[in-house]
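Beneath this line is the structure, given in structure tokens, with notes to follow.
Numbers for residues simply follow the sequence, beginning at 1.
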Amino acid sequence: QVQLVESGGGLVQAGGSLRLSCAASGRTFSSYAMGWFRQAPGEERDFVARISWSGGSTYYADSVKGRFTISRDNAKNTVYLQMNSLKPEDTAVYYCAARGGSVAYTAANKYTYWGQGTQVTVSS
């Protein structure tokens, strides 16, 4: 069982930056691949970024590539999402997710555990 708690969301102007954190419970965090997803009002939950259990493999949605960076610190049981050059269309609730195994996926249904989400609002 893994519990995930996101933090770091907030209100920022377009062009600004935020860093989201996702703290995981348990002593086996390093055996989980992680993903970040987001959901805007009235929209489906969309893939943002994913990272393998070692951190050696990352992948991004085209909409955030070059602006967002996913990373993890297995010693701290935490995964991060650094978001730069934010745009109003990045406004959403951001969720982190975990799945057992080394490989991370872009599909939300591949993930077993989810956090409660953190709101990111980007004003124009």
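Formation of a donor-acceptor pair under 3.5 Å by the Arg72 side chain with backbone atoms of Lys76 is not found in this model. Using modelled atom types, one side-chain atom of Thr91 and one backbone atom of Val122 make a donor-acceptor pair closer than 3.5 Å. Panel note: side chain Glu6, backbone Gly117; a donor-acceptor pair is recorded below 3.5 Å. When atom types are taken as modelled, the side chain of Glu44 and the backbone of Gln39 share no donor-acceptor pair closer than 3.5 angstrom. Formation of a donor-acceptor pair under 3.5 Å by the Ser25 side chain with backbone atoms of Gln3 is found in this model. Between the Ser52 side chain and the Ser57 main chain, a donor and an acceptor come within less than 3.5 Å of each other. Judged by distance alone, with hydrogens and angles left aside, the side-chain atoms of Tyr111 form a donor-acceptor pair with the main-chain N or O of Tyr105 at under 3.5 Å. With hydrogens and angles disregarded, no donor-acceptor distance shorter than 3.5 Å links the side chain of Arg50 to the backbone of Tyr59.
Within the 4.5 Å cutoff, the side chain of Arg38 has heavy atoms near those of the Ser63 side chain. Counting only heavy atoms from C-beta outward, the side chains of Tyr60 and Phe47 never approach each other to under 4.5 Å. For the pair Arg99/Met34, no side-chain contact is recorded, criterion being any heavy-atom separation below 4.5 Å from C-beta on.
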Q | Stepwise side-chain contact (heavy atoms from CB on, under 4.5 Å) test for Ile51 and Val79 | A | CA-CA 9 Å; Ile51 189 166; Val79 63; 4.1 Å; yes

| said: Test side-chain contact (heavy atoms from CB on, under 4.5 Å) on Leu20 and Trp36; report intermediate values, then the result. | reply: CA-CA 10 Å; Leu20 305 184; Trp36 283 98; 3.7 Å; yes

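Between Asp62 and Lys65 there is a salt bridge, since a side-chain N of the basic residue sits under 4.0 Å from a carboxylate O of the acidic one.
Leu86 and Val93 are not part of a single hydrophobic cluster, where members link through side-chain heavy atoms under 4.5 Å apart.
Shortest non-hydrogen contact noted between Ser102 and Ala33 is O-CB, 4.0 Å. Here the closest non-hydrogen pair linking Thr28 and Ser31 is O-OG, 2.6 Å. Minimum heavy-atom separation, Ala98 to Leu4: N-CD1, 3.8 Å. Closest of all the heavy-atom pairs between Pro88 and Ser124 is CG-CB, 3.8 Å.
Among Asp90, Ile70, Leu81, the single residue meeting the side chain to side chain contact (heavy atoms under 4.5 Å, CB included) criterion with Val48 is Leu81.
Cation-pi geometry between Arg45 and Tyr95 is met: the NZ or CZ atom falls under 6.0 Å from the ring centre, inside 45° of the normal. A cation-pi contact links Arg19 to Tyr80, judged by a cut-off of 6.0 Å to the six-membered ring centre and 45° from its axis.
Between Tyr94 and Phe68, the two ring planes are tilted [angle within 30° to 60°]. Under the 30°/60° scheme for interplanar angles, the aromatic rings of Phe37 and Trp114 are found to be tilted.
Asn84 and Ser17 form a side-chain donor-acceptor contact under 3.5 Å, judged by distance and modelled atom types alone.
Between the OG1 atom of Thr69 and the CE atom of Met83 there is a distance of 11.0 Å, given to the nearest 0.5 Å.
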